[in-house]
Number of protein chains: 2
Amino acid sequence: MRSYDQYCAAAKALDVVGDRWTLLIVRELLIRQPCRYTDLQYGLPGIATNLLADRLRQLEEHGVITREVAPPPVATTVFRLTPRGEALQPVLAALGEWGVPLLQEGSDQAVFRSHWLALPLGHLRDHAPEHPPVTIEVRTADQPMLVRTVDGKVVVEPGTDPRADATITGSPPVVLELFLGGVDLETAQAQGLVLEGDAAAVARIAPHPDFDTAT
Amino acid sequence: MRSYDQYCAAAKALDVVGDRWTLLIVRELLIRQPCRYTDLQYGLPGIATNLLADRLRQLEEHGVITREVAPPPVATTVFRLTPRGEALQPVLAALGEWGVPLLQEGSDQAVFRSHWLALPLGHLRDHAPEHPPVTIEVRTADQPMLVRTVDGKVVVEPGTDPRADATITGSPPVVLELFLGGVDLETAQAQGLVLEGDAAAVARIAPHPDFDTAT
DNA sequence: CAGCATCCGCTTTGATACTG
DNA sequence: CAGTATCAAAGCGGATGCTG
């Protein structure tokens with residue numbers, strides 16, 4: 001990207017991460033830290049392979065990511081954020097928060113990847129951290145995800161758990177509306193979300209229902 | 001901009017503000033709210049006039065800014081952020097914070113506009129709000145700026161004040177280093193910064209000197 | 001003069017094909 | 001798997017011209 005040549009911190013930041021796709025690459029790495037080239041391609045549907053290669057090179061030059069050639073057993077390259085790259089998390093968080101209202105319009109033909117749930121759900125809190133941790137399996141797109149409470153926080157990872165406290169199945173819009181606070185559980189169910197198991201587990205992490213550990 | 005077509009809040013946000021120049025236009029409007037077309041051009045050195053017009057149209061369509069045709073006495077168009085547009089402030093703040101380390105390298109031929117001081121200085125706090133407010137005149141680029149304490153916060157506006165508690169003169173790098181906490185006042189002076197008046201006034205707002213109201 | 005629109009050369013991006 | 005190569009299309013930058 002051609003520099004803005006402005007002595008302004010925001011402009012300098014955009015000189016580095018203002019290119020098309022760049023911040024989305026950082027998003028992928030924030031979600032699933034050690035990442036192979038093909039993992040990135042999968043998490044960035046629509047990116048051209050030459051652009052991905054270009055951007056990775058630029059990010060490496062700017063000290064945002066590192067490229068590690070793994071030893072023979074795996075024999076692959078893994079990309080990782082440097083501390084400087086992880087410091088971009090607040091930027092992605094701010095952008096994500098601002099973009100939430102835009103999810104409602106035109107859910108048309110937009111692609112969704114289950115692991116993207118980690119970004120908005122990572123900001124949720126366990127409303128009853130003194131209770132035993134809960135696990136919720138969320139089935140909404142390419143792969144099932146496990147949403148678990150850990151030390152009052154919420155972690156998201158791919159996987160299945162037959163002993164999960166609850167299992168949620170639904171389209172990405174309904175699932176996200178539930179976890180972003182747009183609707184309560186009943187409304188989500190009326191809109192096609194299917195819940196199996198303990199509704200209280202969902203209430204533990206869903207936003208501002210004031211009946212925390214009810215049921 | 002072509003949409004990323006991803007059902008992800010951050011990607012949707014970038015669909016709207018991810019274009020080149022777009023976030024810098026928002027920066028300008030965050031700093032000096034009602035803005036004319038030519039004011040924007042001045043605050044965005046290097047932008048092509050057709051791009052500015054394009055971006056303003058897109059931002060208007062997306063509900064980020066409004067265009068008001070002022071009544072005959074002034075006979076000009078003024079651009080303003082909507083509440084939705086002002087909600088982008090955290091995005092610019094996060095970008096700016098991340099970009100601070102980039103200011104040190106290549107201060108080469110980068111352009112500077114004094115009113116940009118408002119962004120980083122707006123995050124400073126008055127360390128002694130119980131004392132009477134202070135005013136500092138900062139002369140560093142195209143126009144003198146007044147930095148004043150108001151209710152524990154710091155406001156920045158263009159202007160001159162012969163009765164300012166202190167006057168600071170210096171290049172943008174030295175002035176910013178001082179106010180961003182890179183160096184203390186003595187070091188800044190050794191690097192060419194000229195202070196006239198009360199050093200304590202500067203200490204009131206400069207970051208983490210633990211001698212707050214000293215002298 | 002303020003607020004654009006048009007034109008044109010250059011750069012970036014997107015899509016696909018191909019390679020160590 | 002991790003890219004490079006190629007090429008058409010879109011976007012950008014700079015200059016200039018037009019209109020109230």
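On a predicted model such as this, the values are computed, not experimentally measured, just so you know.
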Peer 1: If you check every side-chain atom of B:A48, which of D:dC12, C:dT12, D:dG13 has the closest atom?
Peer 2: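 Nearest listed nucleotide: D:dG13.
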Peer 1: Taking only N and O in the side chain of A:R67, is any of them less than 4.0 Å away from OP1 or OP2 of D:dG3?
Peer 2: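 True: A:R67 side-chain N/O within range (under 4.0 Å) of D:dG3 OP1/OP2.
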Peer 1: Rounded to whole angstrom units, what separation is found between the CD1 atom of A:I47 and the C1' atom of C:dT12?
Peer 2: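 After rounding, the reported distance stands at 13 Å.
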Peer 1: With A:R84 as reference, evaluate A:L88, A:T82, A:L81 under the side-chain contact (heavy atoms from CB on, under 4.5 Å) test and give the passing residue.
Peer 2: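 Answer after filtering A:L88, A:T82, A:L81: A:T82.
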Peer 1: With a 4.0 Å cut-off on heavy atoms, is B:T38 in touch with a base, just the backbone sugar-phosphate, or nothing at all?
Peer 2: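 Sugar-phosphate, backbone atoms only, no base.
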Peer 1: What is the distance from CG of A:D54 to P of D:dT4, rounded to the nearest Å?
Peer 2: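 So the CG-P distance, A:D54 to D:dT4, works out to 8 Å.
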Peer 1: Is the phosphate of D:dG11, meaning OP1 or OP2, less than 4.0 Å from a side-chain N or O of B:W21?
Peer 2: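 Checking D:dG11 against B:W21, no side-chain N or O comes under 4.0 Å of OP1 or OP2.
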Peer 1: Tell me the interatomic distance from A:Y42, atom OH, to D:dG3, atom C1', rounded to whole angstroms.
Peer 2: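 So the two atoms are 21 Å apart, to the nearest Å.
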Peer 1: Starting at CZ of A:R55 and ending at C1' of D:dG3, how long is that distance when rounded to a whole Å?
Peer 2: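 It works out to 16 Å between those atoms.
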Peer 1: If you compare every side-chain N and O of B:R57 against the phosphate oxygens of C:dA5 (OP1, OP2), does one of them come in below 4.0 Å?
Peer 2: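 Yes, B:R57 has a side-chain N/O under 4.0 Å of OP1/OP2 on C:dA5.
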Peer 1: In this structure, how many angstroms lie between the P atom of C:dC4 and the CG atom of B:L52, rounded?
Peer 2: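 In whole Å, C:dC4 P lies 8 Å from B:L52 CG.
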Peer 1: State whether A:R2 places a side-chain N or O below 4.0 Å from either non-bridging phosphate oxygen (OP1 or OP2) of D:dG14.
Peer 2: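 Looking at the OP1 and OP2 atoms of D:dG14, one of them is under 4.0 Å from a side-chain N or O of A:R2.
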Peer 1: Mind checking whether B:F79 and B:Y37 have parallel, tilted or perpendicular rings, split at 30° and 60°?
Peer 2: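 Ring orientation of B:F79 relative to B:Y37: tilted.
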Peer 1: Please tell me if B:R36 has a side-chain N or O lying less than 4.0 Å from either OP1 or OP2 of C:dC4.
Peer 2: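 Checking C:dC4 against B:R36, no side-chain N or O comes under 4.0 Å of OP1 or OP2.
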Peer 1: Run the ring-centre check on A:W21 versus B:Y4 and record whether the distance is less than 6.0 Å.
Peer 2: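 A:W21 vs B:Y4: aromatic centres under 6.0 Å.
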Peer 1: How long is the line joining CG of A:L59 and P of D:dG3, in whole Å?
Peer 2: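 Those two atoms, CG and P, are 13 Å apart.
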Peer 1: Regarding B:A53, tell me which of base, sugar-phosphate or nothing describes its non-hydrogen contacts under 4.0 Å with the strands shown.
Peer 2: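 Result for B:A53 = sugar-phosphate.
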Peer 1: Looking for any heavy atom pair under 4.0 Å, which part of the strands does A:T77 touch: base, sugar-phosphate only, or nothing?
Peer 2: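 Here A:T77 touches the backbone only, sparing every base.
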Peer 1: Which whole-number value in Å describes the distance from A:Y37 OH to C:dT19 P?
Peer 2: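 Computing the A:Y37:OH to C:dT19:P distance gives 17 Å.
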Peer 1: Indicate, yes or no, whether a donor-acceptor pair under 3.5 Å links the base of D:dG14 to the side chain of B:N50.
Peer 2: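 By the distance-only test, yes, there is a pair.
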Peer 1: Determine, for B:E157 against B:R148, whether the closest basic-nitrogen to carboxylate-oxygen distance falls under 4.0 angstrom.
Peer 2: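 Looking at B:E157 and B:R148, the cut-off is met.
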Peer 1: Is any NZ, NE, NH1 or NH2 atom of the basic residue among A:E137 and A:R139 found under 4.0 Å from an Asp or Glu carboxylate oxygen of the other?
Peer 2: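 Salt bridge present between A:E137 and A:R139.
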Peer 1: May I ask you to verify if any side-chain N or O of B:T76 is less than 4.0 angstrom from the OP1 or OP2 atom of C:dG3?
Peer 2: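 Result: yes.
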Peer 1: Expressed in angstrom and rounded to an integer, what is the separation of A:Q41 atom CD from D:dT4 atom C1'?
Peer 2: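 Nearest whole value for this atom pair: 13 Å.
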Peer 1: Looking at A:R20, I'd like to know whether one of its side-chain N or O atoms comes within less than 4.0 Å of OP1 or OP2 on C:dG14.
Peer 2: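 Yes, because at least one side-chain N or O of A:R20 sits under 4.0 Å from OP1 or OP2 of C:dG14.
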